[in-house]
Amino acid sequence: MSPVHYLGRFITHVKRITIAIDGYSSCGKSTLAKQLAHHLHYTYIDSGAMYRAVALYAMENGLIQNDMLDKANLLRVLPNIHIAFKHDDATQRSATMLDGRNVEHRIREMDVSNNVTLVSPVREVRAKLVQLQQEMGQGGGVVMDGRDIGTVVFPNAEVKFFMMAEPEVRAQRRYLELKGRGAEVSLEEVLANVLRRDLDDTTRAADPLIEAPDAFVIDNSHLTSAEQFDLALGHVVKAIGVVAEA
Ligand code: DC
């Protein structure tokens with residue numbers, strides 16, 4: 001165990017901070033978030049899963065048809081949509097629950113990925129999910145990833161990362177992941193989805209994806225997952241050290 005890894009474990013007991021990870025789609029945010037959460041014994045929260053769950057709800061209830069969202073009816077039912085995370089004994093992982101149903105796998109499929117940017121710009125959807133995320137993150141000891149975590153959800157997070165990678169590298173990674181799960185997709189389709197979500201995420205009026213001024217920027221186009229983890233953990237250890245001495 002390297003000194004940074006050792007220190008990382010030791011100071012977990014000192015102060016439980018909030019770690020915000022934002023960045024472009026398919027950048028490996030969740031991989032890094034899970035690694036940090038596991039190492040520090042923190043809770044990992046996937047905020048994107050919550051937007052995906054709302055999109056799935058809209059799709060299943062006839063509120064998305066021909067790439068169009070029936071916003072008025074979504075707003076009417078929004079207070080009744082129940083989203084939570086629950087430990088799944090079978091996979092030993094956290095699963096996204098939509099109205100009590102495990103939708104963890106379903107929300108990762110391409111049709112949901114393609115429809116999620118219809119619901120994510122809706123201010124009322126964001127307000128509901130941001131509030132839920134803030135409640136889940138109360139008390140610290142949390143790693144949350146998304147697009148607006150360091151800017152809107154937890155602007156006072158002790159450590160913020162902003163992740164990026166070249167679109168072709170991200171598409172290739174996502175393609176292999178989807179293929180590995182048996183999905184019928186082409187690399188072109190995945191790249192188009194990545195580029196479309198980049199554009200939608202950065203140009204929407206409500207809480208667009210922007211770099212927090214105090215975020216550590218990580219471009220992982222040419223980094224291994226282990227190199228990236230070491231880099232990030234170094235920043236976390238430094239931050240907890242400073243807080244612990246204060
Ligand atoms: O991280 P992801 O690809 O699973 O996110 C799914 C979508 O949800 C993505 O297109 C952007 C949106 N999203 C968002 O608007 N705000 C967040 N905090 C997280 C995700």
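Whatever order the structure lists ligands and atoms in, that order sets their numbers, starting from 1. All residue numbers in this chain count up from 1 along the given sequence.
Residue contact check: Arg52 has heavy atoms under 4.0 Å from atoms 2 (P), 3 (O), 4 (O), 6 (C) of ligand 1. Contact atoms of ligand 1 toward Val116: 7 (C), 8 (O), 10 (O) (distance under 4.0 Å to a heavy atom of the residue).
Contact annotation for Leu209 and ligand 1: no heavy atom of the residue comes within less than 4.0 Å of the ligand. Contacts between Arg197 and ligand 1, counted as non-hydrogen atom pairs separated by less than 4.0 Å, involve the side chain only.
Side chains of Ser221 and Arg170: no donor on one and acceptor on the other come within 3.5 Å.
Salt bridge annotation for Asp46-Arg108: present, with a cationic side-chain nitrogen under 4.0 angstrom from a carboxylate oxygen.
Remark: distances from the non-hydrogen atoms of Arg126 to ligand 1 include one below 4.0 Å. At least one heavy atom of Arg204 sits closer than 4.0 Å to an atom of ligand 1.
Regarding atom 18 (N) of ligand 1, its nearest protein heavy-atom neighbour is Asp148 OD1, 2.8 Å. With respect to atom 20 (C) of ligand 1, the closest heavy atom belonging to the protein is Gly48 CA, 3.5 Å. Protein heavy atom nearest atom 11 (C) of ligand 1, with residue, atom name and distance: Asp201 OD1, 3.3 Å. Scanning all protein heavy atoms for the shortest distance to atom 12 (C) of ligand 1 gives Ser120 CB, 4.0 Å.
Close N/O approach between Thr117 and ligand 1 is not found [any backbone or side-chain N/O within under 3.5 Å]. In terms of polar-atom proximity, Tyr51 is not counted as a contact of ligand 1, lacking any N or O under 3.5 Å from an N or O of the ligand. Ligand 1 has a nitrogen or oxygen under 3.5 angstrom from a nitrogen or oxygen of Arg147. Distances between N or O atoms of Ser47 and those of ligand 1 include at least one value under 3.5 Å.
Val194 places none of its side-chain heavy atoms less than 4.5 Å from the side chain of Tyr24. Within the 4.5 Å cutoff, the side chain of Leu32 has no heavy atoms near those of the Asp145 side chain. No side-chain heavy atom of Thr96 sits less than 4.5 Å from a side-chain heavy atom of Arg52.
Note on Ile210 and Ile149: separate hydrophobic clusters, where clusters join Ile, Leu, Val, Met, Phe, Trp and Tyr whose side-chain heavy atoms are under 4.5 Å apart, directly or indirectly.
Rounding to the nearest 0.5 Å gives a distance of 9.0 Å between CE of Met136 and CG of Leu129. Once rounded to the nearest 0.5 Å, the distance linking OG1 of Thr151 with CG of Asp214 reads 10.0 Å.
Residue Arg147 forms a salt bridge (Lys or Arg N to Asp or Glu O under 4.0 Å) with just one option from Asp22, Asp200, Asp201, and that option is Asp201.
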